[in-house]
Amino acid sequence: MRYSKALIPTLKEVPADATMPSHKLLLRGGFIRRVAAGIYEYLPLGWRVLRRVAEVVREEMDRAGAQEILMPAVLPAELWRETGRWDTFGPQLLRMKDRKGAEYCVGPTHEEVVTDLARREIRSYRELPRNLYQIQTKFRDEPRPRAGLIRGREFVMKDAYSFDADEEKAKLSYRAMVVAYARIFARLGFDFRVVEADSGAMGGTSSHEFQILCDAGEDAIVACESCSYAANVEAALGERVDGEPSVTRTSIPQPVAVDTPGKHTIEDVSAFLGVPSRDLIKTLIYVWGDQSVAVLVRGDDDVNEVKLARAVGAGEVFLAADAEVQRLTGAPVGFAGPVGLRARILADRHVADVRDGVTGANQADRHLRHVLPGRDFQAEFLDLRAVRSGDACPRCQKPLRVFHGIEAGHTFVLGTHYSNKMKATFLGEDGQSRPLVMGCYGIGVSRLVAAAIEQHNDEKGMRWPVPIAPYTVELLAIGADPAIGVRTDGIYHALQSAGIDTLYDEREERPGVKFMDADLLGLPFRVVVGKKGNAGGWAEFRRRGETQDQQVPFEQLEAFLRREIAVANAATHAAAAEAEQSVLKRLGL
RNA sequence: CGGGGCGUAGCGCAGCCUGGUUAGCGCACCAGACUGGGGGUCUGGGAGUCGGUGGUUCAAAUCCACUCGCCCCGACCA
């Protein structure tokens with residue numbers, strides 16, 4: 001592509017509403033433009049990247065035996081009523097009516113539609129298994145779209161659905177998808193982790209998230225630094241290894257109340273009384289339905305709400321509102337404590353190790369010192385704490401770390417949840433009618449474009465991995481001498497016919513402008529022809545992110561670039577093969 | 001939905017508190033000249049319903065009310 005003919009509106013200044021690197025750079029590089037909250041246009045470069053990401057996804061899905069289809073974006077309400085989701089999906093579902101008043105929605109996901117397709121077209125076990133996928137624009141009316149392409153309302157997603165005759169076979173379909181996903185993310189050049197997810201309300205037996213590691217990620221995941229263990233923080237296991245209580249003596253004075261005016265956080269109290277936070281006992285009031293419970297953890301720990309919900313047999317638990325805390329403890333938030341509290345009390349088992357603790361006194365501005373669990377209060381001791389960085393890995397005992405991740409893919413075994421509701425059945429070998437056993441598998445394709453930048457950028461701009469770069473080579477003509485233009489024209493045509501995607505910057509711009517734009521766009525390979533090189537018979541080659549130029553004679557340039565690309569492609573495929581092996585080992589499949 | 005903030009040229013902003021020439025500045029854009037290896041210099045130019053509606057006033061970008069949109073934090077969420 002000739003730069004002077006392209007629509008690449010780069011920006012020097014960052015639009016004020018972008019905060020994340022990927023969002024800023026996509027805007028600055030002229031890859032996307034915002035049309036409405038969470039809705040974007042893909043300009044030529046952004047669209048090229050999206051297509052390349054989609055192409056890798058396609059190749060691996062096809063390789064895994066899935067077949068691409070395209071379902072409608074606008075879906076009739078009646079299908080959603082069959083599963084009840086027309087009512088339960090909530091305001092995220094963008095609804096509308098046609099001229100006759102019939103109701104529709106813009107598809108946020110396609111279980112209903114694909115299940116409808118399957119029940120009409122799949123009748124016999126002989127037609128199983130099947131895996132159908134699409135790459136399509138979806139819409140979810142998010143309460144708060146943010147971060148550009150990472151959390152838009154309109155986004156491009158690859159969603160696949162598998163249909164099997166029984167659970168056993170569904171597992172095989174699931175496994176094939178997990179392998180395909182590992183290969184996809186590896187080929188796209190991501191540092192990612194496969195994490196166990198809380199399978200939650202979907203009713204599934206198995207669920208994994210594919211998390212792309214980066215500080216700006218919205219999800220917290222726990223991963224081992226030496227083995228492949230990784231899990232969503234909600235589902236994570238880990239043993240605390242540090243920070244035993246500072247007091248170990250056995251004779252502890254009776255509790256005594258002290259004034260702690262306005263000190264209602266752990267840090268405040270710890271600093272005010274000069275007691276390390278690990279000797280404090282944090283008391284939190286949780287509610288669900290019409291029930292409530294006091295939950296104790298050590299001052300340096302947090303509550304894992306998923307563990308808590310499981311322990312009390314609730315679907316979900318919530319921190320009590322301030323008024324509720326006041327009613328139950330008789331004190332404002334920040335001064336609750338277990339001593340003398342009339343409530344069900346659950347405690348993380350590490351609380352039992354505290355010998356000389358500090359707790360709230362259930363009075364405003366007062367705390368109790370010298371609290372001894374078991375003597376001064378009774379509680380049910382359970383595992384309730386959230387895993388922290390530094391805990392020991394449940395598999396290998398090495399330290400765990402908390403990472404932030406962007407959820408890029410999610411795999412579920414759905415079982416017969418949808419097929420039961422929608423009566424999607426097939427005839428088995430024995431002539432019996434049975435519900436199809438389903439799985440569903442999503443990849444946020446447009447989100448991946450942004451995620452790639454989150455992992456590959458520097459202060460100058462983006463750094464595209466070869467497999468998804470909008471162009472592979474940026475060719476710069478530097479200098480006003482017409483002879484240089486003649487030379488670069490020739491190189492451009494040669495690269496074109498060699499099938500090397502080249503962005504040819506032949507604009508009448510000053511060198512600085514061209515170099516800055518080239519760094520911003522971040523194509524993997526840069527080829528520069530200037531006055532000296534043109535006279536001397538060589539071009540300058542540089543990989544994005546490196547600082548050294550290499551002189552390459554004009555006649556060798558094409559072969560040189562081919563080799564660079566071949567090396568990158570080989571590395572990509574090696575990474576895919578390695579990811580495949582490691583995910584299989586990881587899941588014990 | 002709770003908290004905070006912002007809407008003035010394509011982008012980034014000033015002006016608003018304390019109402020009063022023709023609404024400014026930088027970047028970008030157009031024309032010309034010089035320049036030509038890391039966002040260069042100069043000259044000249046085009047571009048604005050000051051988010052919208054209503055009100056107060058002799059007079060509103062500026063004050064008031066309502067409203068729409070957007071961003072950030074939280075809640076929620078694949």
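Just so it is clear, the values below take in all heavy atoms, side chains as well, and ignore hydrogens, waters and symmetry mates. Naming convention: chains lettered A, B, ... in sequence-line order (proteins, then strands); numbering from 1 in each chain.
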A.B. asks: Find the distance A/R144:CZ to B/G5:C1' and express it as a whole number of Å.
C.D. replies: 12 Å
A.B. asks: If we call it a pair only when both distances are under 3.5 Å in a Watson-Crick or G-U wobble match, what pairs with B/G37?
C.D. replies: none
A.B. asks: Looking for any heavy atom pair under 4.0 Å, which part of the strands does A/P143 touch: base, sugar-phosphate only, or nothing?
C.D. replies: base
A.B. asks: Taking the side chain of A/H410 as heavy atoms from C-beta outward, which of B/A78, B/C73, B/C13 is closest to it?
C.D. replies: B/A78
A.B. asks: Roughly, in whole Å, what's the span from CD1 in A/I39 to P in B/C71?
C.D. replies: 11 Å
A.B. asks: Between A/A18 and A/E407, just flag the one whose closest nucleotide in RNA chain B comes earlier from the 5' side.
C.D. replies: A/A18
A.B. asks: Which nucleotide in the list B/C72, B/C70, B/C27 gets nearest to the side chain of A/R34?
C.D. replies: B/C70
A.B. asks: Please tell me whether A/Y441 and A/N131 have a donor and an acceptor in their side chains that are separated by less than 3.5 angstrom.
C.D. replies: no
A.B. asks: On RNA chain B, compare the nucleotides closest to A/F155 and A/A16; which residue's is nearer the 5' end?
C.D. replies: A/A16
A.B. asks: Could you give the distance separating B/C16 and B/G4 at their P atoms, to the nearest angstrom?
C.D. replies: 24 Å
A.B. asks: Between the side chains of A/D219 and A/Q211, is a donor N or O closer than 3.5 angstrom to an acceptor N or O?
C.D. replies: yes
A.B. asks: Only pairs with both distances under 3.5 Å count, Watson-Crick or wobble alike; so what is the partner of B/U56 in this structure?
C.D. replies: none
A.B. asks: Considering Watson-Crick and G-U wobble pairs with both distances under 3.5 Å, what does B/U18 pair with?
C.D. replies: none
A.B. asks: Go through it in stages, so that I can follow the logic: the residues are A/L521 and A/Y471, the test is side-chain contact (heavy atoms from CB on, under 4.5 Å), and I'd like the CA-CA distance, side-chain angles, deciding distance and then a yes or no.
C.D. replies: CA-CA 10 Å; A/L521 300 184; A/Y471 291 91; over 6 Å; no
A.B. asks: Roughly how far apart, to the nearest Å, are B/A78 and B/C68 at atom C1'?
C.D. replies: 30 Å
A.B. asks: So which nucleotide does B/G69 pair with, by the Watson-Crick or G-U wobble rule with both distances under 3.5 Å?
C.D. replies: B/C6
A.B. asks: With a 6.0 Å cut-off on the ring centroids, do A/F412 and A/H410 count as close?
C.D. replies: yes
A.B. asks: Do A/Y181 and A/T411 pair up side chain to side chain, a donor and an acceptor below 3.5 Å, judged on atom types alone?
C.D. replies: no
A.B. asks: Measure CZ/A/R85 against P/B/A78 and give the value in whole Å, please.
C.D. replies: 11 Å
A.B. asks: Within this structure, what is the CZ-to-P distance between A/F89 and B/C76, rounded to whole angstrom?
C.D. replies: 17 Å
A.B. asks: Using the C1' atom as the reference point in each nucleotide, state the distance between B/G15 and B/G24 in Å, no decimals.
C.D. replies: 7 Å
A.B. asks: With P as the reference atom in both, quote the distance from B/G54 to B/A59 in angstrom, rounded to an integer.
C.D. replies: 15 Å
A.B. asks: Report the distance from atom NE2 of A/H23 to atom C1' of B/C11, rounded to the nearest whole Å.
C.D. replies: 14 Å
A.B. asks: With C1' as the reference atom in both, quote the distance from B/C66 to B/U56 in angstrom, rounded to an integer.
C.D. replies: 15 Å
A.B. asks: State whether a side-chain donor-acceptor pair under 3.5 Å links A/Y174 with A/H208.
C.D. replies: yes
A.B. asks: Only counting residues at least two apart or in another chain, list the ones meeting side-chain hydrogen bond (donor to acceptor under 3.5 Å, both in side chains) with A/E142.
C.D. replies: A/R151
A.B. asks: Just name whichever nucleotide pairs with B/C42, Watson-Crick or G-U, keeping both distances under 3.5 Å, else none.
C.D. replies: B/G32
A.B. asks: Nearest whole Å is fine: how far is B/A78 P from A/L94 CG?
C.D. replies: 18 Å
A.B. asks: Say we look at B/C29 and B/A47: how far apart would their C1' atoms be, to the nearest angstrom?
C.D. replies: 9 Å
A.B. asks: Is the CD atom of A/E546 crowded by more than 12 outside heavy atoms at less than 6.0 Å?
C.D. replies: yes
A.B. asks: Roughly how many Å apart are B/C13 and B/U67, using the P atom of each and rounding to a whole number?
C.D. replies: 27 Å
A.B. asks: Between atom CD in A/E13 and atom C1' in B/A14, what is the gap in whole Å?
C.D. replies: 14 Å
A.B. asks: Within the 3.5 Å criterion, strictly below it, is a donor on A/D159 or A/Q136 matched to an acceptor on the partner's side chain?
C.D. replies: no
A.B. asks: Find every protein N or O atom lying less than 3.5 Å from an N or O atom of nucleotides 34-44 of chain B, and list the pairs.
C.D. replies:
unit_1 : atom_1 : unit_2 : atom_2 : d
B/U35  : O2     : A/R510 : NH1    : 2.5
B/G37  : O6     : A/G530 : N      : 3.1
B/G37  : O6     : A/E540 : OE2    : 3.1
B/G37  : N1     : A/E540 : OE1    : 3.1
B/G37  : N1     : A/E540 : OE2    : 2.7
B/G37  : N2     : A/E540 : OE1    : 2.6
B/G38  : O6     : A/R526 : NH1    : 3.1
B/G38  : O6     : A/R526 : NH2    : 3.2
B/G38  : N1     : A/D519 : OD2    : 3.1
B/G38  : N2     : A/F515 : O      : 3.4
B/G38  : N2     : A/D519 : OD2    : 2.2
B/G39  : O2'    : A/K12  : NZ     : 3.4
B/G39  : O6     : A/R28  : NH2    : 3.2
B/G39  : N2     : A/D517 : OD1    : 3.4
B/G40  : N9     : A/R510 : NE     : 3.4
B/G40  : N7     : A/R510 : NE     : 3.1
B/G40  : N7     : A/R510 : NH1    : 3.3

A.B. asks: Rounded to whole Å, how long is the line connecting atom CG of A/D141 with atom C1' of B/C76?
C.D. replies: 13 Å
A.B. asks: Ignoring hydrogens and angles, are the base of B/A78 and the side chain of A/Q92 linked by a donor-acceptor pair under 3.5 Å?
C.D. replies: no
A.B. asks: Using a cut-off of 4.0 Å on non-hydrogen atoms, how would the nucleic acid contact of A/R140 be classed: base, sugar-phosphate, or nothing?
C.D. replies: base
A.B. asks: Could you work out the separation of B/C25 and B/A14 based on their C1' atoms and round it to a whole Å?
C.D. replies: 7 Å
A.B. asks: Closest approach of A/R33 and A/L11, non-hydrogen atoms and distance?
C.D. replies: NH2-CD1, 3.7 Å
A.B. asks: May I ask which nucleotide in the shown strands pairs with B/G48, Watson-Crick or G-U wobble, both distances under 3.5 Å?
C.D. replies: none
A.B. asks: Any strand is fair game: report the nucleotide pairing with B/U62 by Watson-Crick or G-U wobble, both distances under 3.5 Å, or none.
C.D. replies: none
A.B. asks: A/A37 has a side chain; which of B/C76, B/C11, B/C71 sits nearest to it?
C.D. replies: B/C71
A.B. asks: Under a 3.5 Å cut-off for both distances, is B/C76 Watson-Crick or wobble paired, and to whom?
C.D. replies: none
